[in-house]
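These figures come from a predicted structure and were not determined experimentally.
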Amino acid sequence: MAELISAPIVLAVFAQAEKTERSPLLYAWWALQLVVLIAVVYGLCRLVKKWRDGRRKRG
């Protein structure tokens, strides 16, 4: 299969590729994912802090 594709043709195809416009919905989705990630990390930090405080009081 490699013999069928020559490097100059591949480079020419990539050079003429048009830039696609990204949808605003894609940016909204990325923002939502970022908010969820921050919320999960924050929740884990709170959970660990609460767990460590509980262990400190007992021992």
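The side chain to side chain donor-acceptor pair (under 3.5 Å) analysis of residues 21-37, with sequence neighbours excluded, yields no pairs.
Ion pairing between a basic and an acidic side chain is recognised when a charged N comes within 4.0 Å of a carboxylate O; Asp53 and Arg56 show such pairing.
Scanning for side chain to side chain donor-acceptor pair (under 3.5 Å) contacts around Arg46 gives Tyr42, with sequence neighbours left out.
Hydrophobic clustering keeps Leu47 apart from Ile38 (ILVMFWY residues linked when any side-chain heavy atoms are closer than 4.5 Å, directly or through intermediates).
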